[in-house]
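Order of the sequence lines fixes the chain letters, A, B, ..., with proteins taken first and strands second; residue numbering starts at 1 for each chain. Side chains are part of it too, since the values below use all heavy atoms of this structure and drop only hydrogens, waters and symmetry mates. The model shown is predicted, which means the values in this text are computed figures rather than measured ones.
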Protein chains: 2
Amino acid sequence: MTVRGLPQGAVPRLERPGPLRERVYEALLELITTRALRPGQHLVESELAAQLGVSRQPVREALQRLNTEGWVDLRPAQGAFVHEPTEEEADQLLTVRTLLEAEAARLAAASAGPSGVEALEELCARGERAVLADDVDGAVAANAEFHAKVMELAGNTVLAELAAQVDRRVRWYYTPVARQRGKQSWIEHRELIAAISDHDEQRATAVMRAHTEHTRRTYHERERD
Amino acid sequence: MTVRGLPQGAVPRLERPGPLRERVYEALLELITTRALRPGQHLVESELAAQLGVSRQPVREALQRLNTEGWVDLRPAQGAFVHEPTEEEADQLLTVRTLLEAEAARLAAASAGPSGVEALEELCARGERAVLADDVDGAVAANAEFHAKVMELAGNTVLAELAAQVDRRVRWYYTPVARQRGKQSWIEHRELIAAISDHDEQRATAVMRAHTEHTRRTYHERERD
DNA sequence: TATGAGTAAACTGTAGACAATAGCCAATCC
DNA sequence: GGATTGGCTATTGTCTACAGTTTACTCATA
């Protein structure tokens, strides 16, 4: 007899601890993105290990991964430092993000079905509600989900993984900015949905490009404050 | 007194062996790309460590990095397996490569100066000579350098790093193919140089897109053999 | 006071040892 | 006879210890 007969979810799939390095990785990433760990800060393995209640090994492994993904700089024989984004790098990152998101929009327009469009509209409505309710966190979350959904509809896993990384870093650099862009952002989302619904690849690309480009402009305007 | 007055590179920065994990990483990557380690093969840490004459630790760290970059799959509590590329994934990867290279071409066209164009022509000539001499390895190398140079002229570090990763994996998947595309490839390169020299962003994008697209077609034609 | 060597502390890089887990095969029970 | 259970083996996950570097500081000296 196999397990097949059991009702799904009868066994709560008792949550596996998973490799420690994973959890350390996520914990550190959380600390970095929330700026509990500041850019330029020296991360000492033994300190982190003690603080997290694990040995140095998992911490090392997590730091190495963070290094390859650009979150920390690993200077040999000296240790890990939280990456300090430069203006130039932030701009380059936005360029890449624009590129990836625009391609995702194009692919989504090419292949998305009615159910996909519907899901996008649902998310869009949720975002608009959040904006109206001045629920900033909710709006940001809905925004992330919206973009993720577009990426999913594009159906390109490689593209999605790259975009996920780039996106998270962009969000880190631009956290002060993201909160400013409210209503306008969702109007643009509506346009994007329309383009995808029409299977108009060119328009979808253009709209998404303009959309992310607006974010960049908002960022540079911030400089004047 | 600061170091600022010193000419760049006056100090040869006496080269250190560098961390073991780096060398292990490169060694393993070499073994994978040359297919000495076959896709799907189980990589046992202790074996690799013994074979390379180091302890398990650097091997682990190298494997983790290879994992995040998509070269090996790391199944928990079971070990590392050389990644097995699927048809679909290869195709998606090519799509992304096309995208990144095309953007690089556009940026290069926007900002490249005469010296950059000259460097490209030099590389192009070298590639053509290699093709005429039936020097396949030389031609492949020149090709890689050509694309790298375009990327350099684009002046976007983030884009360059992403493209470098994607490129290397593409070359891994398509090694049997790359060798077939000889003369035609360099004609297209010439066109690209012309577009860059003219600062014609649109044409540069289009040429590069067509160029990488040809590679994909060649790949799918291979299926018929 | 400025300079330089010398020294000590802190941290990383590497190695080796132990514990935990998944996979496999044989023995056992219905 | 087939499935299940129990133990065995191989391999990974984690921890501890030690060696090698780098940095910062102290103190003697010109």
Enquirer: Walk along nucleotides 6-14 of chain D from 5' to 3' and tag each nucleotide B, S or - by protein heavy-atom contact under 4.0 Å, base first, then sugar-phosphate.
Expert: ------BBB
Enquirer: Counting only heavy atoms not in A/Q51, do more than 12 fall under 6.0 Å of its CD?
Expert: no
Enquirer: Run through A/F81, A/Y173, A/W172 and flag the one making a ring-ring contact (aromatic ring centres under 6.0 Å, His included) with A/W71.
Expert: A/W172
Enquirer: Between C/dA10 atom C1' and A/L48 atom CG, what is the distance in whole Å?
Expert: 15 Å
Enquirer: State whether A/E145 and A/R126 are salt-bridged, where the test is any N-O pair (Lys NZ or Arg NE/NH1/NH2 against Asp/Glu carboxylate O) under 4.0 Å.
Expert: yes
Enquirer: Checking side chain to side chain contact (heavy atoms under 4.5 Å, CB included) against A/Q64, which of B/R60, B/R65, B/R21 comes through?
Expert: B/R21
Enquirer: Rounded to whole angstroms, how far apart are OH on B/Y25 and P on C/dG13?
Expert: 17 Å
Enquirer: May I ask you to decide if A/T218's main-chain N or O and A/Y174's side chain share a donor-acceptor pair within less than 3.5 Å?
Expert: no
